*Asks:* 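Quick one: structure below, then a few questions.
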Amino acid sequence: MSYKKMMKWQRKHPKGTRQIVIMHTESGFQTSAAFMEKYFKHRQQCDVENKEPLDCESYYRSTLR
């Protein structure tokens, strides 16, 4: 849930769930183990071809297109 959605939700539910909302300042990009296997294969292929591999998040976004 984004910060903006959380604030909107809290206005409609003033008591909330009485649980602490923990948010971090990172990008929020979290990958699954299955995706990481594909990413490691990509890195190995780039090493073989002597190319610069994409970082994890950029590779993920490129697979969505």
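Remember, it's a predicted structure, so these values are computed and weren't measured experimentally. In this chain, numbering begins with 1 at the start of the sequence shown.
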*Asks:* When rounded to the nearest 0.5 angstrom, what is the spacing between NZ in K51 and NE2 in H42?
*Replies:* 7.5 Å

*Asks:* Looking at E57 and R61, does any basic side-chain N land under 4.0 Å from a carboxylate oxygen?
*Replies:*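 Salt bridge present between E57 and R61.
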
*Asks:* To check you understand the geometry: which heavy-atom pair defines the closest contact between L54 and Y39, and what is its length?
*Replies:* O-OH, 2.8 Å

*Asks:* Please report the interatomic distance CE(M36) to CZ(R43), rounded to the nearest 0.5 Å.
*Replies:* 9.0 Å

*Asks:* In terms of relative ring orientation, are F35 and Y60 parallel, tilted or perpendicular, with 30° and 60° separating the classes?
*Replies:* perpendicular

*Asks:* Considering non-hydrogen atoms only, spot the tightest contact between Y59 and K38 and give its length.
*Replies:* OH-O, 4.0 Å

*Asks:* Does a side-chain heavy-atom distance below 4.5 Å link P53 with Q45?
*Replies:* no

